Structure formats: structure tokens, C-alpha cells
Amino acid sequence: MLRTVIAATATLGLAVGCAPETSAPVKVSALVLNSNGEYAPQEVELKTVSDIVSLNGTVADFRGGARIVFDSEDQDLQTATTPEAFVNALLKEEGHDVSASYINQDGVLWPADFHTWNMVTAYYNLERAFDYFQTVGNIPAADFKKPVTTYYFPEFILADVDKDPLLDNALYFSVMESFLVLPFDQLQRAPLAINAGVIAHEYSHRIFNLKVYGGQPFPEALALWSSSIPSPGANILKSFDEGLADYHAFGTTCRATKGCDAKFFSTSFHDAPYDQVARDRDLSRNDRCMTDALRTQLRNQGLNEFSGKEYLVGTLLASALYQAGEGQGQREVLLRAIVAAYNDSDPKTPGLLQLSQQYINDQEDFTLAVAAGAIITHITDLKLKEAVCNELMDHLQIPRALLVGTSNPNLCPASSAPGTTCPQLSAE
């Protein structure tokens, strides 16, 4: 990827970067995955940017030079009593506006250095994710709130884990309601900022926070449920957040030049030892099954102890939804139903937000069947509903009796039955 950037810039000669017009839409060159599976310069339009130099717009506001430190021994963090005070304690250096540099060639702005390539592509990927959730997810523009502060290459330290800054990651940090695009070290083939699927995955976490958690920096259900051990409800919420983020990220790839890419992690997580991540998160694999050990851990471990396993359960969910949506040829119908299932005040079809509130005082009752039921009740097509039910019974090993023949007529039809891909686990 770095060779691509260097070669693309070199073809423009030694022109000097300029301060171009900033009114949207702006034609720029970004690094986009092409039909050959390679990242290459492609002319795109940034439709929401208001300042192309500082990369500030209605979707995102980029900041450079920030220093963010989470240290449980930090006195300021310990005494913070409001989310605002907590954020102020984390943010040791606020940073500054970024300054992108371009070369204007026939009305198209070409990034003049690597960081501009990286930032412009990241903004474009955030804009694509925003557009996906607005059009496919049917989310009104007002629901997205203010532009997301996007910290580019911040110094991000989790002092309780490691005194050195984190590298090779991109994340949505709900405590700060911000995206963090961290410096890269090992993942040089396709840094995460240019991987549209990875950025869409992180944007999906923002949507989950806005809809399922009501935009709370410290979600009530997670905070309360994780304070006790075991934490089955918290484990399920985290698993659904991760799995649905993978599935939505896949959905965004279907609107790209290359087309649907169930293996979108592989372009970044390509070389050992990271290639195992790509294999584990490949949605197209249909051999993923809940194990007795994983089910026991989901039910009996605290949130901290379960940390890392939410990806395993999430991949089971994402793969099951992928099989159902692709099998019925109704991908976008299913994706839209999932977003609708996040927040729905109708008592006949309660969303994940309403269900987590309903069981707030007894997380043991917020089961996989309950969480899956939020999605199922928002699918109106009977064939698609049946396919989703069958896949969830099979891969997540949700007992049929919990989804069929219940008092809720919006759950699975009587014709639903688990598939035979996974060995059936004994009932508990």
C-alpha cells in the first residue's frame, strides 16, 4: 500500500501542496479497494466535508496530536463525577486541527503526502458508513448527533495494561464519543484507516451506542450488569455489538467498487500472526458452532473474564445472519430490520434498548433467545424470518422451544427448525 501511495504521488511531479476551496462536494483521490483486490487511487467525492484541509465536516472532525491516557490510579479520573469530567481527565493533550496537503490536478485534489492519503481515505470511509446507515439503515440524519471527533494517530495509553501507546488499531471510544485511528506498526500492507470494512465496523459501534445504549458514554445496562459476577446479560450485549458490527461492515462493502466482501478483514490482517484474525472473522464460513465450553463461559463468567470471547459469539451471530440473508437474497431487508431492532418502544416488538431496560434488575433473563428475538420480531418476510430462526437455532444453539410456540406471535413460525451443521448441545 505504501508503494502505491508513493507511486501515485510521484506521477504528479514535484508540485507544491495548496489550500484548495473547501465547499462540498470536493473531488479527491482516495485509496479504494478495486475489483482486483488492491488498494489504488480512485477519484471520489467527499459530500459532507466543510474544510478539506482540516478535514472537518458534518460526519467527522479530525484532530491530530492528542494524548489520551486511561490510568485507574489517576486522581483526576478517580474524582470525576460527570462524563465531561471523566473525558477531561482522560485527555491529557487535546490536540489540534490536522492540516492536509494536496496537489490540484484537473480539478481533483491528490494527497501530497502519506498522512493526507490516510486521513482523506479515512474520512471517505466514515462518510460511506454514515451514508450506509442513513440509507440502508433508514436512520434520520438528526439521529447521528454532532460530527464525530476523530483522533488521528493519537498517543493512546491504557496504563493498567501497558505503559506504551497502543498501535495497529482503530476504535470507537464511547466514553469520549470519538473515533481513534491509531498509528500502525505491524499492519502496513493496508493500515486500518484505509480499510473501509474496518472503519464501518467501528462506525457500527457508534450506531449501537446511540440506539441500544441511548448514546450514554457509560451505558446503564453494561455498567450495572458488569458490576456482578457472572455477567451473562453484559456478555450477550457485548457479543451482539461485535457480531452486528461485523455484519453491518459486510453490508457496507456491498455498496463499494469491489462488491460484497465477507473477508474484508483479510486485506489488513494478511500476514502471520494476524492472518488468523481474518480467518476467524470470515463471515462466509458456515461451519461456526456454539460449543458447550463457550456457552458455559457466556453464562458464568464476569464481563472482564469473558473479554475477548465476545468476538467468538459475535462471529457466530454474524455468520448465521450472513447465511440467512444471502440464502434468501434479502441482505438489505435483514440489515434494515437489525437497525430497527435496536430501539423500538412498541411493546409488541421491543428493541434491544427496551429489552435491556425490561430486564435491568435481572440480567439472567436477558438471554440469547431474548436478544435474538429483538431481531426476529422486526423481520416481516416469513421466508427470511424462518431462515434467520433456523440459522440462529443451529449456530448459536438457541433451543427451538424458546423461539417457536411462545406467547409472542412475532417470533419464529412453526415451520422453523434448526439446521444440521452444528452438533446439538444438551439442554441446561
Side-chain angles (χ1 to χ4, degrees), residues 136 195 197-198 200-202 204-205 208 235-254 259-269 275-295 297-298 306 308-339 341 352 367-369 371-376 378-379 383-400 403 412 416-425:
V136 176
N195 188 319
V198 168
H201 172 100
E202 297 306 325
S204 298
H205 287 316
F208 196 89
N235 295 341
I236 289 170
L237 274 178
K238 291 289 288 183
S239 297
F240 268 59
D241 191 1
E242 289 298 338
L244 297 178
D246 276 1
Y247 189 48
H248 282 303
F250 161 72
T252 65
T253 68
C254 296
C260 293
D261 185 5
K263 305 176 182 180
F264 63 86
F265 281 103
S266 64
T267 55
S268 293
F269 297 92
D275 54 340
Q276 187 62 47
V277 174
R279 289 194 291 270
D280 290 344
R281 304 282 282 277
D282 175 4
L283 270 63
S284 64
R285 286 179 51 186
N286 64 357
D287 60 345
R288 305 180 187 281
C289 302
M290 177 69 76
T291 64
D292 190 58
L294 183 58
R295 184 178 66 176
Q297 292 166 336
L298 179 73
F306 190 72
K309 304 181 190 77
E310 69 271 22
Y311 298 102
L312 301 178
V313 178
T315 300
L316 294 177
L317 173 64
S319 298
L321 294 171
Y322 171 89
Q323 301 299 330
E326 299 305 296
Q328 294 299 310
Q330 297 200 65
R331 178 191 316 118
E332 291 200 354
V333 174
L334 179 54
L335 289 163
R336 186 173 294 111
I338 291 169
V339 175
L352 285 169
T367 62
L368 278 176
I375 295 174
I376 294 166
H378 287 83
I379 302 171
K383 285 292 185 181
L384 178 60
K385 184 190 288 278
E386 181 181 351
V388 169
C389 290
N390 295 349
E391 297 291 347
L392 293 178
M393 291 177 199
D394 190 9
H395 297 283
L396 269 75
Q397 290 293 292
I398 300 175
R400 183 177 183 275
L403 298 176
C412 300
S416 301
T420 58
T421 300
C422 299
Q424 187 172 355
L425 301 181

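Remember, it's a predicted structure, so these values are computed and weren't measured experimentally. This chain uses plain numbering: 1 for the first residue, then up along the sequence.
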In short, Phe208 meets Leu237 closest at the heavy-atom pair CZ-O, 4.0 Å

First locate atom CE of Met290, then atom CG of Leu312, and finally report the distance between them rounded to the nearest 0.5 Å.
9.5 Å

Indicate the atoms forming the closest heavy-atom contact of Gly243 with Ala318, along with that distance.
O-CB, 3.3 Å

Sequence neighbours excluded, the answer for ring pair (Phe, Tyr, Trp, His ring centres under 6.0 Å) partners of His378 is none

Any side-chain donor-acceptor pair under 3.5 Å between His201 and Glu242?
yes

Phe250: partners by ring pair (Phe, Tyr, Trp, His ring centres under 6.0 Å), with sequence neighbours left out:
Tyr322

Straight-line distance of Glu386 CD to Ile379 CD1, nearest 0.5 Å:
11.5 Å

Can you check salt bridge (charged side-chain N to carboxylate O under 4.0 Å, His left out) on Asp282 and Arg285, steps first, answer last?
CA-CA 6 Å; Asp282 175 4; Arg285 286 179 51 186; 5.7 Å; no

Heavy-atom distance under 4.5 Å between the side chains of Lys385 and Val388, does that happen here?
no

Does Ile376 form a side chain to side chain contact (heavy atoms under 4.5 Å, CB included) with Cys412? I'd like the steps, not just the answer.
CA-CA 7 Å; Ile376 294 166; Cys412 300; 3.8 Å; yes

Nearest heavy-atom approach of Ile398 to Leu368 is CD1-O, 3.9 Å

Using modelled atom types only, decide if a donor and an acceptor are shared between the side chain of Lys238 and the backbone of Glu310 within a distance under 3.5 Å.
no

Hey, does the side chain of Asn235 reach the backbone of Leu298 with a donor-acceptor pair shorter than 3.5 angstrom?
yes

Please round to the nearest 0.5 Å and tell me the distance separating atom SG of Cys389 and atom CZ of Arg400.
10.0 Å

Write down the atom of Leu352, the atom of Ala371, and the distance for their closest heavy-atom approach.
CD2-O, 3.8 Å

Are the side chains of Leu334 and Tyr247 in contact, using a 4.5 Å heavy-atom criterion?
yes

Here the gap from Leu392 atom CG to Ile375 atom CD1, rounded to the nearest 0.5 Å, amounts to 7.0 Å

Please identify each residue that fulfils side chain to side chain contact (heavy atoms under 4.5 Å, CB included) with Gln424, with sequence neighbours left out.
Gln397

Under a 3.5 Å distance rule, please check whether Arg288 uses its side chain to pair with a backbone N or O of His395 as donor and acceptor.
no

Calculate, to the nearest 0.5 Å, the distance between atoms OG and CG belonging to Ser204 and Leu244 respectively.
8.5 Å

May I ask you to test the Glu391-Thr421 pair for a side-chain heavy-atom distance under 4.5 Å?
no

Minimum heavy-atom separation for Met393 to Leu403, with atom names?
CG-CD1, 4.1 Å

Look only at the side chain of Asn390 and the backbone of Ala417, and say whether a donor-acceptor pair between them is shorter than 3.5 Å.
yes

Does Lys383 use its side chain to pair, donor to acceptor, with the backbone of Gln328 at less than 3.5 Å?
no

Under 3.5 Å, is there a donor-acceptor pair between the side chain of Thr315 and the main chain of Tyr311?
yes

Tell me if a side-chain donor or acceptor on Arg336 pairs with a main-chain N or O of Val136 at a distance below 3.5 Å.
yes

What pair of heavy atoms forms the shortest contact from Thr420 to Asp394, and how long is it?
N-OD2, 3.8 Å

Hey, mind stepping through Leu425 and Thr291 against side chain to side chain contact (heavy atoms under 4.5 Å, CB included) and telling me if it holds?
CA-CA 8 Å; Leu425 301 181; Thr291 64; 5.8 Å; no

If you apply the rule side chain to side chain contact (heavy atoms under 4.5 Å, CB included), what do you find for Phe306 with Ser239, and how did you get there?
CA-CA 10 Å; Phe306 190 72; Ser239 297; 3.7 Å; yes

Between atom CG of Asp261 and atom CG of Leu283, what is the distance when rounded to the nearest 0.5 Å?
10.0 Å

